[in-house]
Amino acid sequence: KLSYSKQTTNMQPIDIITLLAQLLDEFYPVFENNEMDYEYHPDASNFVIQGDATLLVRLFDNLINNAIKYGKEGKLLIVKTRTQKEAITVDIINFGKVIPQKDLDRVFEKFYRAESSRNSATGGTGLGLALSSKLAKRLGGDLFLERSESGKGTSFILDLKIDEAGRNLKLEAPR
Ligand code: ATP
Ligand code: MG
């Protein structure tokens with residue numbers, strides 16, 4: 001898995017708002033199989049970043065798969081975007097299994113799995129988030145984790161920067 005982080009990056013302008021819509025659409029059968037729903041709340045109809053499509057898809061794939069795997073019982077996945085002048089923040093929020101407060105800093109470590117996941121049937125290796133964090137940094141961004149205010153949700157927060165050429169693109173209100 002980690003070999004992904006060694007591939008050369010092919011950075012190009014990518015409309016992240018559309019990419020996310022397409023990805024979530026492709027995940028539809030997986031949501032259905034897991035009896036989950038998703039809500040997508042983009043705050044603009046497009047936002048062009050400088051990114052590598054393969055790495056971005058890989059990164060979102062990890063985060064969405066985790067949200068389904070650990071958030072199944074919470075029934076709902078929420079994806080939001082918050083566009084700023086030079087950057088965009090993507091929030092991926094799930095409910096259900098929450099990460100204990102003491103583990104929050106550790107989930108990005110290689111092979112780390114929160115206690116409740118270790119003996120469960122979810123069967124991961126604990127590499128997904130270590131890789132995701134590396135990918136986010138290679139894309140010039142960063143990945144954070146927060147517990148929602150009520151403590152009931154888990155929120156992965158991805159920051160990405162605008163494309164130089166995209167600076168001149170006017171942001172439109174979402175349809
Ligand atoms: P892998 O992704 O390598 O198959 P994994 O899912 O266990 O295995 P990570 O993706 O790195 O590994 O996640 C580390 C741990 O963090 C998980 O085992 C789980 O305990 C917790 N975790 C990750 N994502 C979420 C989430 N969206 N909600 C709740 N807990 C999560
Ligand atoms: Mg994972």
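FYI, side chains are in, hydrogens and waters are out, and symmetry mates aren't considered; it's all heavy atoms of this structure. Indexing begins at 1, ligand by ligand and atom by atom, following the structure's order. Owing to the predicted nature of the structure, the values given are computational and were not obtained by experimental measurement.
Considering only heavy atoms from C-beta on, L59 comes within 4.5 Å of L158 through its side chain.
Considering backbone and side-chain atoms alike, Y70 places an N or O below 3.5 Å from some N or O of ligand 1. For ligand 1, one of its N or O atoms has an N or O atom of L127 under 3.5 Å away. When only interatomic distances are considered, the shortest N/O to N/O separation between L129 and ligand 1 falls below 3.5 Å. Residue contacts with ligand 1: A130 is placed with no nitrogen or oxygen under 3.5 Å of a nitrogen or oxygen of the ligand (distance criterion only).
Those atoms of ligand 1 that come under 4.0 Å of a heavy atom in K97, given as number and element, are 28 (N), 29 (C). Proximity to K69 (heavy-atom distance under 4.0 Å) selects the following atoms of ligand 1: 4 (O), 6 (O). Taking every heavy atom of Y112 and a limit of under 4.0 angstrom, the matching atoms of ligand 1 come to 14 (C), 15 (C). Those atoms of ligand 1 with a heavy atom of I99 less than 4.0 angstrom away are 21 (C), 22 (N), 29 (C), 30 (N), 31 (C). The F156 neighbourhood of ligand 1 comprises atoms 24 (N), 25 (C), 26 (C), 27 (N), with distances under 4.0 Å to a heavy atom of that residue. When each atom of ligand 1 is checked for a heavy atom of A67 under 4.0 Å away, the hits are 27 (N).
Each of D91, D159, D43 was checked for a salt bridge (Lys or Arg N to Asp or Glu O under 4.0 Å) with R82, and the lone residue meeting it is D91.
Judged by the shortest distance from any of its heavy atoms, G126 lies inside the 4.0 Å radius around the atoms of ligand 1. Using a 4.0 angstrom heavy-atom cutoff, F108 does not count as in contact with ligand 1.
Between N94, T154, I92, it is N94 that holds the heavy atom closest to atom 27 (N) of ligand 1.
Residues I14 and L56 share a closest heavy-atom pair of CD1-CD1, 3.9 Å. Here the shortest heavy-atom pairing between E73 and K97 reads OE2-NZ, 4.3 Å. A pairwise comparison of heavy atoms in I16 and Y40 identifies O-OH, 4.3 Å as the closest pair.
A donor-acceptor contact shorter than 3.5 Å is absent between the side chain of D25 and the backbone of A21.
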Next item on the list: Mind running side-chain contact (heavy atoms from CB on, under 4.5 Å) on D61 and N65 for me, showing each step along the way?
Entry: CA-CA 6 Å; D61 213 62; N65 271 315; 3.4 Å; yes
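Connectivity analysis of hydrophobic side chains (ILVMFWY, heavy atoms under 4.5 Å, direct or indirect) links I157 to F144.
Checking N65 against the Mg ion (ligand 2), every N/O/S atom stays at or beyond the 2.8 Å cut-off.
With respect to D37 and K75, no salt bridge is recorded, no charged nitrogen being found less than 4.0 Å from a carboxylate O.
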